[in-house]
Engineer: 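Below is the structure I would like to discuss, written out as structure tokens.
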Amino acid sequence: MRQPQDIVLLLKAAGEVTRLRLLALLVQGELSVKDFTEILGQSQPRISRHLKLLADAGLVTRHAEGAWAYYRLNRDRTSGPLADWLMEHLDTDAAELRRDIEKLSALRVAQQDRAAAYFATIAQSWDRLRSLHVADSALEAAIVEAAGQGQVNMFLDLGTGTGRMLELLEGKYAEGIGLDSSREMLSVARAKLDAEGIENAQVRLGNITELDDYRRTADLVMLHQVLHYFDDPSIAIGHAAACLKPEGRMLVVDFAPHDLEFLRTEQAHRRLGMSEEQMALWARAAGLAVASCRSFPPSRDDGLTVCLWVLETIKSNDKKGV
Ligand SMILES: C[S@@+](CC[C@H](N)C(=O)[O-])C[C@H]1O[C@@H](n2cnc3c(N)ncnc32)[C@H](O)[C@@H]1O
């Protein structure tokens with residue numbers, strides 16, 4: 001329970017038009033201050049002031065990442081239902097709010113286009129670039145182990161890029177599908193699968209945010225070095241989770257938190273790695289739990305630590321304790 005003055009703070013924070021617009025946008029997922037300034041067309045100090053009031057009242061939480069800060073709705077017992085109530089009663093068809101959501105969609109498309117343009121230019125050299133940051137062999141051995149013993153029926157590799165995971169896990173699945181939004185990356189992947197004679201895998205053009213055709217089809221889903229291209233990785237995890245069969249398992253490989261800001265400008269990264277706490281939160285929102293997390297330190301001084309998370313479906317008995 002909260003003290004009366006805290007409730008007043010909460011209601012005052014929500015009781016202003018710009019802040020209601022910010023909350024309505026946050027219902028769509030995590031956003032950075034930069035995103036808000038572009039969508040609302042207001043200055044950064046102004047937006048930051050509004051966000052601080054929302055954060056002080058406990059309506060949103062802040063996560064600093066390099067030079068950027070990301071905000072998300074606080075889903076605790078007081079703030080969560082209040083935000084839900086506001087969104088239920090707010091007419092999101094009102095011109096200003098509708099425009100905000102449209103601008104957010106356009107912003108997301110522009111961000112994806114920037115990443116796609118980057119991958120179009122580096123497709124041929126991606127396999128070499130990937131190993132610059134990461135100690136490949138230890139990590140890959142751990143991925144093979146985490147895929148489990150025996151063979152699964154269907155393996156879905158989301159953001160397959162040049163198809164390295166399809167190649168690595170070849171013996172672990174009866175049917176493998178690699179999905180990617182970059183034609184250039186896929187053409188490298190196709191050539192690789194042909195050259196290796198891997199016949200139980202195929203790659204397809206597709207977007208991680210449009211996976212309806214794959215709902216509940218996969219025993220094993222992989223997101224390998226993909227999440228840091230999403231402003232809100234929980235959206236990608238949510239779509240990926242929907243592809244899992246009830247007993248399915250998801251493997252996520254990505255960077256631990258780092259401060260290499262230039263990766264945003266030079267290599268289209270959006271997030272500077274992700275922490276164990278963030279992953280636990282995002283997994284839970286998708287109905288998954290973190291079964292294990294292993295870190296792999298870089299093999300060179302300027303490399304980055306990489307983490308391998310194994311996510312599994314939360315059984316209904318476990319949900320009671322949530
Ligand atoms: C860094 S590469 C990783 C490729 C591969 N998983 C690997 O580790 O070698 C990221 C890949 O994610 C793909 N990607 C990014 N956003 C995507 C989206 N929304 N839908 C599908 N693929 C996406 C990119 O095209 C790119 O091939």
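Atoms within a ligand are numbered from 1 in the order they appear, just like the ligands themselves.
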Engineer: Quick check: Phe230 and ligand 1, any N/O pair under 3.5 Å apart?
Structural biologist: no
Engineer: Would Thr209 count as being in polar contact with ligand 1, using the rule that some N or O on each side must be under 3.5 angstrom apart?
Structural biologist: no
Engineer: In terms of hydrophobic clustering (I, L, V, M, F, W, Y; side-chain heavy atoms under 4.5 Å; direct or indirect links), are Leu107 and Ile47 co-clustered?
Structural biologist: yes
Engineer: Just to be sure I read this right, does ligand 1 sit under 4.0 Å from the backbone of Gln112, its side chain, both, or neither, counting only heavy atoms?
Structural biologist: side chain
Engineer: Check whether any N or O atom of His228, backbone or side chain, sits under 3.5 Å from an N or O atom of ligand 1, and answer yes or no.
Structural biologist: no
Engineer: Please indicate whether any nitrogen or oxygen in Arg164 is less than 3.5 Å from any nitrogen or oxygen in ligand 1.
Structural biologist: no
Engineer: Have a look at Ile235, Val226, Asp180 and point out the one with the heavy atom closest to atom 26 (C) of ligand 1.
Structural biologist: Asp180
Engineer: Begin with the C-alpha distance, continue with both residues' side-chain angles, and end with the deciding distance and a verdict on side-chain contact (heavy atoms from CB on, under 4.5 Å) for His258 and Glu65.
Structural biologist: CA-CA 8 Å; His258 63 83; Glu65 223 178 78; over 6 Å; no
Engineer: Determine whether a donor-acceptor pair (N or O, by modelled atom type, separation under 3.5 Å) exists between the side chain of Ser105 and the backbone of Ile101.
Structural biologist: yes
Engineer: Note the single closest protein heavy atom to atom 20 (N) of ligand 1, along with its residue, its atom name and the distance in Å.
Structural biologist: Ile208 N, 3.0 Å
Engineer: Is it true that Gly206 lies under 4.0 Å from ligand 1, counting heavy atoms only?
Structural biologist: yes
Engineer: What closest approach, in Å, do Arg164 and Glu167 show between heavy atoms, and which atom pair accounts for it?
Structural biologist: NH1-OE1, 3.0 Å
Engineer: Quick one: look up the protein heavy atom nearest atom 14 (N) of ligand 1 and list residue, atom name and how far away it is.
Structural biologist: Ser181 OG, 3.8 Å
Engineer: Purely on distance, is any nitrogen or oxygen of Gln225 under 3.5 Å from one on ligand 1?
Structural biologist: no
Engineer: Between Phe296 and Phe255, does the ring centre distance come in under 6.0 Å?
Structural biologist: no
Engineer: According to a hydrophobic-cluster definition based on side-chain heavy atoms being under 4.5 Å apart (Ile, Leu, Val, Met, Phe, Trp, Tyr only), do Trp282 and Val226 belong together?
Structural biologist: yes
Engineer: Taking 4.0 angstrom as the limit and counting only heavy atoms of Gly161, give me the atoms of ligand 1 inside it, by number and element.
Structural biologist: 4 (C), 27 (O)
Engineer: With a cut-off of 4.0 Å, which atoms of ligand 1 are near a heavy atom of Tyr229?
Structural biologist: 1 (C), 10 (C)
Engineer: Can you sort out the partners of Ala117 under side chain to side chain contact (heavy atoms under 4.5 Å, CB included), two or more places apart, ordered by chain and number?
Structural biologist: none
Engineer: What protein heavy atom sits nearest atom 19 (N) of ligand 1, and how far away is it?
Structural biologist: Asn207 OD1, 3.0 Å
Engineer: By the side-chain hydrogen bond (donor to acceptor under 3.5 Å, both in side chains) test, which pairs, at least two apart or in different chains, include something from residues 142-159?
Structural biologist: Asp157-Thr160
Engineer: Quick one: closest heavy-atom pair of Thr162 and Ala123, and the distance?
Structural biologist: CG2-O, 3.8 Å
Engineer: Which is it for His224 and ligand 1 at heavy atoms under 4.0 Å: side chain, backbone, both or neither?
Structural biologist: both
Engineer: Heavy atoms only: which of Ala116, Ala123, Gly159 is nearest to atom 4 (C) of ligand 1?
Structural biologist: Gly159
Engineer: Are Lys34 and Glu38 ion-paired here, with the side-chain N under 4.0 Å from a carboxylate O?
Structural biologist: yes
Engineer: Do me a favour and list the nearest non-hydrogen protein atom to atom 9 (O) of ligand 1 with residue, atom name and distance?
Structural biologist: Arg130 NH1, 2.3 Å
